[in-house]
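Worth saying up front: this structure is predicted, and the values here are computed from it rather than measured.
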Amino acid sequence: MNQSGPSPMLETPAPEGEIHLLDQAGRGGGDGCIDILSPPSGTDPEDCLHIVLHVHGAASLRRGGASTVLAPGDLLISVTPHPAGLSLDSGCRMVRFRVPCIYLGVRQGDVRRAGGLMARGNEGIGLFASQLLHVLAARARPGNHLAHSASDILAVLVSDLLDREESEGPNGAAEMLSRIRAYVEQNLADPDLSPGSIARSQHISVRYLHKLFQQEGMTVGQWVRGRRLDACRRELGRPSRRQASVSAVAHRWGFVSHSHFSRAFRDAFGISPREWQAHAARTECDHPAS
């Protein structure tokens with residue numbers, strides 16, 4: 001993706017302290033990427049995503065055995081400055097940008113697992129992102145506000161593209177949700193069970209996990225709490241557990257706070273856990289097993 005010669009604008013040096021958005025390749029150095037924002041101190045400078053803006057010329061992207069022709073304004077997003085499967089002719093012009101992942105709220109691994117992302121530059125969020133990147137590439141001294149605006153729009157775009165990749169993947173949303181529920185059932189007693197740990201177990205983003213449950217009309221936390229409460233209800237109602245304390249049963253199923261558990265149990269079943277345990281005991285005495 002060789003870039004054509006630098007424009008006069010890119011010859012103008014940026015003032016000290018200004019965010020560097022000039023085409024380094026055009027100035028005779030660097031790796032040809034325009035840095036939208038600098039990584040914060042202490043973060044890995046390599047933890048970035050690369051955004052390639054197609055300007056003109058013939059180019060195509062091959063993924064999964066299919067080839068897609070790129071149009072001017074289209075965007076490619078990958079963990080390297082040279083997206084896999086990209087083919088272009090000698091007259092093709094592309095501009096590459098780089099932005100630290102911390103500003104996008106995503107991880108390199110999410111994009112790597114998707115095999116890279118592509119957005120059309122003539123529709124939806126991709127249109128706004130493409131237009132703004134054109135502005136950034138043309139300006140010698142873009143300010144801090146413009147740079148952060150670009151990263152914000154790219155964050156929305158990348159999140160949207162990842163959501164689509166995950167929901168349209170080979171497993172599909174229904175199968176993924178089934179796998180998540182099976183995993184949660186197997187790990188209900190783990191007090192460290194959380195949206196983060198659930199998402200990591202299925203190699204999906206926390207954002208997509210929440211989206212799956214939103215489609216079901218509830219949050220991840222609500223579903224997990226409901227399954228834990230039901231497990232406690234069953235255990236407290238079994239004859240073999242009549243001598244177990246309510247606190248012990250609650251703790252065994254991942255509830256750390258006894259008061260929180262008691263309130264949640266009453267809200268769910270209209271009776272306190274202790275009252276339920278006593279009721280189950282009386283029922284057993286009134287109707288003993290034959």
Side-chain angles (χ1 to χ4, degrees), residues 105-115 159-284 287-289:
V106 299
R107 297 173 298 179
Q108 277 188 336
D110 294 333
V111 175
R112 185 180 290 109
R113 279 192 293 274
S159 294
D160 182 66
L161 292 173
L162 284 173
D163 282 348
R164 284 194 230 166
E165 286 284 335
E166 290 167 331
S167 62
E168 296 172 2
N171 293 325
E175 184 176 341
M176 176 61 70
L177 193 57
S178 177
R179 286 170 50 191
I180 291 169
R181 285 173 168 163
Y183 174 82
V184 170
E185 293 288 353
Q186 294 169 5
N187 294 273
L188 272 179
D190 183 358
D192 294 326
L193 188 69
S194 67
S197 67
I198 296 169
R200 285 192 298 273
S201 75
Q202 305 303 312
H203 308 292
I204 62 175
S205 65
V206 174
R207 178 192 62 259
Y208 181 53
L209 175 68
H210 286 307
K211 183 176 180 179
L212 286 173
F213 278 88
Q214 284 172 359
Q215 293 171 353
E216 297 294 304
M218 67 182 73
T219 68
V220 182
Q222 287 171 339
W223 191 78
V224 171
R225 184 171 62 251
R227 299 307 300 146
R228 282 175 164 166
L229 287 170
D230 200 47
C232 291
R233 180 189 60 79
R234 291 194 306 271
E235 183 165 345
L236 289 170
R238 288 204 301 264
S240 61
R241 292 296 184 181
R242 295 286 157 72
Q243 302 305 314
S245 71
V246 170
S247 294
V249 172
H251 188 266
R252 184 161 33 250
W253 289 104
F255 288 97
V256 178
S257 167
H258 174 73
S259 60
H260 170 70
F261 166 68
S262 295
R263 287 194 301 271
F265 194 97
R266 182 180 287 278
D267 288 344
F269 304 116
I271 188 175
S272 75
R274 198 172 302 280
E275 289 169 339
W276 164 249
Q277 190 178 40
H279 170 77
R282 288 194 301 270
T283 302
E284 181 68 20
H287 303 282

Rounded to the nearest 0.5 Å, how far does [atom2] of [Y] lie from [atom1] of [X]?
X      : Y      : atom1 : atom2 : answer
Leu209 : Ser197 : CG    : OG    : 9.5 Å
Ile180 : Tyr208 : CD1   : OH    : 7.5 Å
Met218 : Arg225 : CE    : CZ    : 11.0 Å
Glu235 : Gln277 : CD    : CD    : 9.5 Å
Ile198 : Trp223 : CD1   : CH2   : 8.0 Å
Met176 : His203 : CE    : NE2   : 9.0 Å

Sequence-distant partners of [X], side-chain hydrogen bond (donor to acceptor under 3.5 Å, both in side chains), two or more places apart:
X      : result
Asp190 : none
Ser272 : Glu275
Trp276 : none
Arg227 : Glu185

Partners meeting salt bridge (charged side-chain N to carboxylate O under 4.0 Å, His left out) with Arg234 (sequence neighbours left out): Asp230

Qualifying residues under salt bridge (charged side-chain N to carboxylate O under 4.0 Å, His left out), relative to Arg181, sequence neighbours excluded: Glu216

Side chain proximity check, Val246 to Phe261, heavy atoms < 4.5 angstrom: yes

Ser262 (side chain) donor-acceptor with Ser259 (main chain) under 3.5 angstrom: no

Trace of the side chain to side chain contact (heavy atoms under 4.5 Å, CB included) decision for Phe255 with Leu229: CA-CA 9 Å; Phe255 288 97; Leu229 287 170; 3.7 Å; yes

What pair of heavy atoms forms the shortest contact from [X] to [Y], and how long is it?
X      : Y      : result
Ala189 : Arg252 : CB-O, 3.1 Å
Arg228 : Leu193 : NH2-CB, 3.5 Å
Pro273 : Phe265 : N-CD2, 3.5 Å
Arg207 : Ser159 : NE-O, 3.6 Å

Neighbour count >12 (heavy atoms, 6.0 Å) for atom NE2, His210: yes

